[in-house]
Amino acid sequence: HAKGRGRGRYELFDANLRDNVEERLELATAMRRAVGDGELELVYQSRRTCGDRRVTGVEALLRWRHPELGVLGPEVFLSIAERTGRIVELGDWVLRQSLADLAELPDPQLALAVNVSAKQLVSGRLTRSVARALAESGVAPERLVLEVTETAFSDDPAAARRVLHELKALGVVIALDDFGTGWSSLQYLCGLPVDVLKVDRSFVADLPAGTAAGAVVSSVLGLGHGMGLLVVAEGVETPTTLDLLRRMGCDEYQGFIDGEPGDLIDILRR
Ligand code: C2E
Ligand code: MG
Ligand code: MG
Ligand code: MG
């Protein structure tokens, strides 16, 4: 599968999907078979220190190799998976597969970040799913980072908070993903067992040009560091941006500057 072709198709399909109910239904049906038929895949992106660009961990990103439509990204199918409840099964597969992949690596230090959607968080099954996947893989809980977005707290903040505390009790690390784009109640942040803030890539992308984005990034850095959290910038594409982040005191970053997400072994060789 040529990468360029896959990406072009993906965008085309995404545009169609927005208003095509029939295609959405077809996807929902096809998704029922996706896990069993081995159509799901994971690509990985490295997370590195801003200082010496040393790899500290990897993030697993879900792809669906649809037999007719080619490789689909999460933006195409995640909302359908959430609405149909299929996300619980998908999320379970992601946890088990990514932890199995990590267990194969020789480096016993690298962290693994897995994205958790709002629906998964309040499904009532996440904590057990995580505990089982950890036990099966033999990976130390401290190496697993669960990334949740602020939207997870908009429906039932109390329930979401409860689950985060349960997860935290397993020993895993909690990261707030896309920070700054969502619900962002600072009062609520104080009651959450969060370890990492990931600055949304929309702010990071505008960093060199705009002062507004710069102000947001330095505020998140001040807030995060003030609370003793690790701050990670996402979506770093250029050396200029990385240099700015380094000078602002940002801890770690992820982004296409290190290449596009890919096979776990390949991205660690870069
Ligand atoms: P995210 O967790 O914030 O992941 C970062 C997204 O930004 C990824 O898109 C990644 O490919 C992209 N990205 C990373 N660096 C750069 C960059 O330098 N420039 C640009 N333009 N983009 C960059 P992807 O893989 O399409 O994932 C989109 C979102 O889907 C993720 O956002 C995450 O919220 C969700 N997602 C991905 N995998 C899973 C999964 O296994 N489970 C769940 N529940 N959600 C997932
Ligand atoms: Mg993420
Ligand atoms: Mg993000
Ligand atoms: Mg995102």
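Count residues from 1 along the sequence. Start at 1 and go down the list; that is how both ligands and their atoms are numbered.
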(message) Using a 4.0 Å cutoff against the non-hydrogen atoms of Gly255, which atoms of ligand 1 qualify?
(response) 15 (N), 18 (O)
(message) Working to the nearest 0.5 angstrom, can you tell me the gap between Gln109 CD and Thr56 OG1?
(response) 11.0 Å
(request) May I ask you to list the atoms of ligand 1 that are less than 4.0 angstrom from any heavy atom of Gln120? (result) 44 (N)
(request) Would you mind telling me if ligand 1 is within reach of the side chain of Asp178, the backbone, both or neither, using heavy atoms under 4.0 Å? (result) side chain
(request) With the Mg ion (ligand 2) as the reference point, give the N/O/S atom of Asp177 that is nearest. (result) OD2
(message) Below 3.5 Å, N or O to N or O, backbone or side chain included: is there any such pair between Phe256 and ligand 1?
(response) yes
(message) Between the Mg ion (ligand 3) and Asp178, which N, O or S atom of the residue is the nearest one?
(response) OD1
(request) May I ask you to list the atoms of ligand 1 that are less than 4.0 angstrom from any heavy atom of Glu237? (result) 17 (C), 18 (O), 19 (N), 20 (C), 21 (N)
(request) Could you list the atoms of ligand 1 found under 4.0 angstrom from a heavy atom of Pro261? (result) 11 (O)
(message) Tell me the nearest of Leu121, Asp200, Leu78, Leu62 to atom 36 (N) of ligand 1, using heavy-atom distances.
(response) Leu78
(message) With a cutoff of 4.0 Å, is Glu260 in contact with ligand 1, counting heavy atoms of the residue only?
(response) no
(request) Keeping the roles fixed (side chain from Arg143, backbone from Leu110), state whether a donor-acceptor pair exists under 3.5 Å. (result) yes
(request) Would you mind listing which atoms of ligand 1 come within a distance below 4.0 Å of any non-hydrogen atom of Glu75? (result) 28 (C)
(message) Whether the Asp178 and Thr149 side chains hold a donor-acceptor pair (N or O, under 3.5 Å, no angle test) is what I'd like checked.
(response) no
(message) Quick check on side-chain hydrogen bond (donor to acceptor under 3.5 Å, both in side chains): which of Arg48, Arg201, Glu234, Lys198 does Gln254 satisfy it with?
(response) Lys198
(request) Could you tell me whether Val94 approaches ligand 1 through its side chain, its backbone, both or neither, with non-hydrogen atoms closer than 4.0 Å? (result) side chain
(message) Just to be sure I'm reading this right: ignoring hydrogens, which of Val43, Asn115, Leu42 gets closest to atom 33 (C) of ligand 1? Compare them by their nearest heavy atoms.
(response) Asn115
(message) Please name the atom of Glu147, limited to N, O or S, that comes nearest to the Mg ion (ligand 2).
(response) OE1
(request) Under 4.5 Å between side-chain heavy atoms, chaining through other members, with only Ile, Leu, Val, Met, Phe, Trp and Tyr counted: pull out the rest of the cluster around Val43, sorted by chain and number. (result) Leu61
(message) Would you say Asp266 and Tyr44 are linked by a side-chain donor-acceptor pair, where the criterion is simply a distance under 3.5 Å?
(response) no
(message) So if I count the atoms of ligand 1 from 1 in the order they appear, which ones are less than 4.0 Å from some heavy atom of Gln45?
(response) 14 (C), 15 (N)
(request) Report the name of the N/O/S atom of Glu234 located nearest to the Mg ion (ligand 3). (result) OE1
(message) Tell me which one of Val35, Val71, Leu72 satisfies side-chain contact (heavy atoms from CB on, under 4.5 Å) with Trp64.
(response) Leu72
(request) Name all residues meeting the side chain to side chain contact (heavy atoms under 4.5 Å, CB included) criterion together with Glu136; count only those two or more places apart in sequence or in a different chain, and write none if there are none. (result) Arg96, Arg132
(message) Testing the 3.5 Å rule here: is there a donor-acceptor pair between the side chains of Asp52 and Thr49?
(response) yes
(request) Compare all side-chain heavy atoms of Thr238 with those of Val236 and state whether any distance is below 4.5 angstrom. (result) no
(message) Heavy atoms only, cut-off 4.0 Å: how does Ile257 contact ligand 1, side chain, backbone, both, or neither?
(response) neither
(request) Decide if atom CZ of Arg53 counts as having more than 12 heavy atoms of other residues, nucleotides or ligands within a radius under 6.0 Å. (result) yes
(request) Number the atoms of ligand 1 from 1 as they appear, then name those within less than 4.0 Å of a heavy atom of Asp177, with their elements. (result) 1 (P), 2 (O), 3 (O)
(message) Within rounding of 10°, what is the angle whose vertex is the Mg ion (ligand 2) and whose arms end at OE2 of Glu59 and OD1 of Asn115?
(response) 90°
(request) Kindly identify the option in Leu61, Val236, Leu40 whose heavy atom sits closest to atom 8 (C) of ligand 1. (result) Leu61
(message) Return the CG to CZ distance between Leu40 and Phe77, rounded to the nearest 0.5 Å.
(response) 6.5 Å
(message) At less than 4.0 angstrom from any non-hydrogen atom of Glu234, what atoms of ligand 1 do you find?
(response) 3 (O)
(request) Tell me whether Leu230 is reachable from Leu164 by hopping between hydrophobic residues (I, L, V, M, F, W, Y) whose side-chain heavy atoms are closer than 4.5 Å. (result) no
(message) When you compare the side chains of Ser154 and Thr151, does any donor N or O come within less than 3.5 Å of an acceptor on the partner?
(response) no
(request) Please confirm whether Gly91 comes under 4.0 Å of ligand 1, counting heavy atoms of the residue only. (result) no
(request) Report yes if some N/O of Glu59 lies less than 3.5 Å from some N/O of ligand 1; otherwise report no. (result) yes
